[in-house]
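See below for the structure under consideration.
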Amino acid sequence: MKIHEYQAKGLLAKYGVPVPRGEVALTVDEAEAAAKKIGGSVVVKAQIHAGGRGKGGGVKVVKDLDSAIEASRKILGMRLITHQTGPEGRIVQRLLIEETLPIERELYLGIVLDRASGKPVFMASAEGGMEIEEVAAHSPEKILKETFGLDGLQPYQARKLAFGIGVPAAAVNAAAATMIALSKAYLGLDCSLAEINPFILTTDGRAIALDAKIGLDDNAMFRHKDLMELRDLNEEDPLEVEASRFGLNYIKLDGNVACMVNGAGLAMATMDIIKYAGGSPANFLDVGGGASADQVRNAFRILLADPHVKAILINIFGGILRCDTLATGVVAAARELDVKVPIVIRMEGTNVEEGRRILAESGLNFTVAEGMKDAAEKVVKLAQ
């Protein structure tokens with residue numbers, strides 16, 4: 001689950017990470033009140049779930065109250081387009097009004113899971129303020145790494161990283177304390193990502209998280225029910241939100257072949273073989289191992305709500321989800337929703353013959369495939 005910058009900073013502050021003074025604003029009047037409270041020069045920052053806001057015109061540093069009001073009026077409600085939003089952009093519905101700070105250096109701090117070691121890895125770089133992907137691609141040696149366990153980043157590791165990225169001796173203790181606090185937040189909140197970019201050193205000797213990004217692991221949200229209120233549905237794809245209501249895992253992509261599968265591994269393989277056959281998947285939709293006929297029907301409805309879908313591939317291995325249950329749900333959905341696009345079905349496993357009988361006797365024009373390769377080739381041809 002993604003959250004906004006101001007929410008991330010609020011959570012990090014609870015773990016002892018120093019953050020700038022700031023307030024969220026939903027209206028221009030609230031932005032004016034926040035700027036007046038902070039006083040002097042402020043930064044007006046659009047709050048959307050995407051990076052590159054500054055380049056898109058969503059971040060403005062202003063010198064006085066009138067300029068803060070003008071910037072807030074301009075940014076609030078704008079369609080902000082960045083390299084992460086895609087051409088459709090995002091409508092800005094929230095602002096963060098924050099104090100400006102005397103920046104001396106910009107650094108990078110971040111934590112993700114290192115799947116090779118099975119541990120979180122703390123990354124630090126002197127190249128703060130840049131996209132870390134660019135640094136990794138062009139200068140990977142500039143990213144220092146330390147893995148750590150469930151007790152968090154250790155003081156000696158934090159000091160090693162701080163000195164390694166060129167933090168002056170006078171600021172090492174403050175930088176190391178922030179690193180340790182960030183690791184505690186990562187573990188305590190069950191994060192999939194915790195990032196401070198840039199992490200700044202100020203001319204008056206402070207170390208502060210100027211920007212922050214946190215991703216929360218959906219699989220751990222049962223331990224953090226209080227954090228569910230941070231979810232902003234306006235920042236999520238409407239079809240993905242709809243799918244989550246029915247226990248379906250759905251991710252929209254940019255192709256025209258819809259995929260309905262059961263199991264993430266089968267979903268990945270299905271998308272791969274569609275690409276191999278010359279097509280492009282329109283989505284990742286996993287109905288799960290124990291889907292009911294009703295869930296299958298809802299999955300169909302969500303797939304068909306995407307106007308880019310030209311054909312549907314159903315690729316199911318019947319285990320807990322039996323093939324006859326799938327076939328019953330597919331037939332009911334096709335009749336109820338008056339499906340106009342071609343449907344290719346490949347299924348194997350429990351009650352597969354019964355499932356094929358249900359499809360054959362439905363009177364509907366399904367294309368039944370004999371394997372994944374055959375299914376992919378047929379659905380790509382039908383989508384053209």
Quiz item: Passes side-chain hydrogen bond (donor to acceptor under 3.5 Å, both in side chains), D217 versus S192? Steps please.
Solution: CA-CA 5 Å; D217 187 345; S192 55; over 6 Å; no

Quiz item: Going from CD1 on I358 to CG on N351, what distance comes out if it is rounded to the nearest 0.5 angstrom?
Solution: 8.5 Å

Self-check item: Contact summary for P120 and L113, nearest pair of heavy atoms
Solution: N-CD1, 4.0 Å

Quiz item: In terms of heavy-atom contacts, does CG of D254 have more than 12 from other residues, nucleotides or ligands at under 6.0 Å?
Solution: no

Quiz item: Any Lys/Arg nitrogen of E5 or K45 sitting under 4.0 Å from an Asp/Glu carboxylate oxygen of the other?
Solution: yes

Quiz item: Do S41 side-chain atoms and V62 backbone N/O form a donor-acceptor pair below 3.5 Å?
Solution: yes

Quiz prompt | Residues E23, K36; criterion salt bridge (Lys or Arg N to Asp or Glu O under 4.0 Å); working and verdict | solution = CA-CA 11 Å; E23 293 189 8; K36 192 178 295 183; over 6 Å; no

Quiz item: Is it true that atom NZ of K74 has more than 12 heavy atoms of other residues, nucleotides or ligands lying nearer than 6.0 Å?
Solution: no

Quiz item: Is the closest side-chain heavy-atom distance between V43 and V59 below 4.5 Å?
Solution: yes

Quiz item: Do the non-hydrogen side-chain atoms of L216 and D190 ever get within less than 4.5 Å of each other?
Solution: no

Exercise. Show the numbers, then the answer: is there a side-chain hydrogen bond (donor to acceptor under 3.5 Å, both in side chains) between Y108 and E195?
Key: CA-CA 8 Å; Y108 172 89; E195 183 178 74; 2.7 Å; yes

Exercise. Report yes if the side chains of L109 and M123 come closer than 4.5 Å at any heavy-atom pair, otherwise no.
Key: no

Quiz item: What distance do M228 atom CE and K225 atom NZ have between them, rounded to the nearest 0.5 Å?
Solution: 10.0 Å

Quiz item: Between M271 and I274, does a side-chain contact (heavy atoms from CB on, under 4.5 Å) hold up when you go through it step by step?
Solution: CA-CA 5 Å; M271 292 190 294; I274 287 172; 5.6 Å; no

Quiz item: Do F122 and K145 have side chains that get closer than 4.5 Å, going by heavy atoms?
Solution: no

Quiz prompt | Minimum heavy-atom distance I343-I314, with the two atoms named | solution = CG2-CD1, 3.9 Å

Quiz item: Should the pair K9-E98 be classified as a salt bridge under the 4.0 Å nitrogen-to-oxygen rule?
Solution: yes

Self-check item: Contact check, side chains of T178 and P18, non-hydrogen atoms, under 4.5 Å
Solution: yes

Self-check item: Side chain proximity check, R105 to P198, heavy atoms < 4.5 angstrom
Solution: no

Quiz item: So, R357 and E353, do they make that salt bridge, N to O below 4.0 Å?
Solution: no

Quiz item: Side chain of N283, backbone of L303: donor and acceptor closer than 3.5 Å?
Solution: no

Quiz item: Considering only heavy atoms from C-beta outward, does the side chain of N256 approach that of V309 to under 4.5 Å?
Solution: no

Quiz item: Hey, what's the ring geometry for F148 with Y186, parallel, tilted or perpendicular (30° and 60° as the breaks)?
Solution: perpendicular

Exercise. Answer yes or no: is there a donor N or O on one side and an acceptor on the other, between the side chain of S139 and the main chain of E141, under 3.5 Å?
Key: no

Quiz item: To the nearest 0.5 Å, what is the distance between CG (N262) and CD1 (I316)?
Solution: 4.0 Å

Quiz item: When rounded to the nearest 0.5 angstrom, what is the spacing between SG in C323 and CD in E354?
Solution: 10.5 Å

Self-check item: E104 backbone acceptor or donor facing T203 side chain under 3.5 Å
Solution: no

Quiz prompt | Any donor-acceptor N/O pair, S72 side chain to A68 backbone, under 3.5 Å | solution = yes

Self-check item: H83 atom NE2: more than 12 heavy-atom contacts under 6.0 Å
Solution: yes

Quiz prompt | T328 side-chain N/O to D324 backbone N/O, donor-acceptor pair under 3.5 Å | solution = yes

Exercise. State plainly whether the residues K381 and E377 are in salt-bridge range, i.e. N to O under 4.0 Å.
Key: no

Quiz item: Should N234 and R90 be marked as a side-chain hydrogen bond (donor to acceptor under 3.5 Å, both in side chains) after you check the CA-CA gap, both sets of side-chain angles, and the distance that decides it?
Solution: CA-CA 9 Å; N234 294 316; R90 291 271 204 283; over 6 Å; no

Quiz item: Looking at E32 and K37, does any basic side-chain N land under 4.0 Å from a carboxylate oxygen?
Solution: no

Practice problem: Output yes when a side-chain donor or acceptor of R322 lies under 3.5 Å from a complementary backbone atom of V352, and no otherwise. | Solution: no

Self-check item: side-chain hydrogen bond (donor to acceptor under 3.5 Å, both in side chains) evaluation trace for T202 with D204
Solution: CA-CA 5 Å; T202 65; D204 54 1; 2.3 Å; yes

Quiz item: Hey, does the side chain of Q7 reach the backbone of H4 with a donor-acceptor pair shorter than 3.5 angstrom?
Solution: yes

Self-check item: Donor-acceptor pair, side chain of Q157 and main chain of Q154, under 3.5 angstrom
Solution: yes

Exercise. Might you confirm whether atom CD of E70 has over 12 heavy atoms from other residues, nucleotides or ligands at distances under 6.0 Å?
Key: no

Quiz item: How about K378: does its NZ atom have over 12 heavy atoms from other parts shown lying under 6.0 Å from it?
Solution: yes

Self-check item: Nearest-0.5 Å distance, CZ of residue F199 to CG of residue L210
Solution: 11.0 Å

Quiz item: Taking all non-hydrogen atoms of both residues, which atom of V172 and which atom of V167 are closest, and how far apart?
Solution: CG2-O, 3.6 Å

Exercise. For residues E106 and I200, report the shortest heavy-atom separation together with the two atoms involved.
Key: CG-CG2, 4.1 Å

Quiz item: Is there a donor in the side chain of T270 and an acceptor in the side chain of N315, or the other way round, less than 3.5 Å apart?
Solution: yes

Quiz item: Do M260 and V287 have side chains that get closer than 4.5 Å, going by heavy atoms?
Solution: yes

Exercise. Mind running side-chain contact (heavy atoms from CB on, under 4.5 Å) on E146 and V121 for me, showing each step along the way?
Key: CA-CA 6 Å; E146 289 285 334; V121 58; over 6 Å; no

Quiz item: For K275, does the NZ atom sit with more than 12 other heavy atoms under 6.0 Å from it, leaving out its own atoms?
Solution: no

Quiz item: Would you call D306-K252 a salt bridge at under 4.0 Å N-O?
Solution: yes

Quiz item: How long is the gap from CZ on F366 to CD1 on I345, to the nearest 0.5 Å?
Solution: 5.0 Å

Practice problem: Ignoring hydrogens and angles, tell me if any N or O in the side chain of D232 forms a donor-acceptor pair with the backbone of I3 under 3.5 Å. | Solution: no

Self-check item: Where V261 and A267 come nearest, the two heavy atoms and their spacing
Solution: CG2-CB, 3.3 Å

Exercise. Test D211 against R53 for salt bridge (Lys or Arg N to Asp or Glu O under 4.0 Å), laying out the working first.
Key: CA-CA 12 Å; D211 198 354; R53 293 169 295 165; 3.2 Å; yes

Exercise. Treating Ile, Leu, Val, Met, Phe, Trp and Tyr as nodes and any side-chain heavy-atom pair under 4.5 angstrom as an edge, say whether I312 and V368 lie in one connected cluster.
Key: yes

Exercise. Would you name the heavy atoms of A71 and K60 that are closest together and state the gap between them?
Key: CB-CB, 4.1 Å

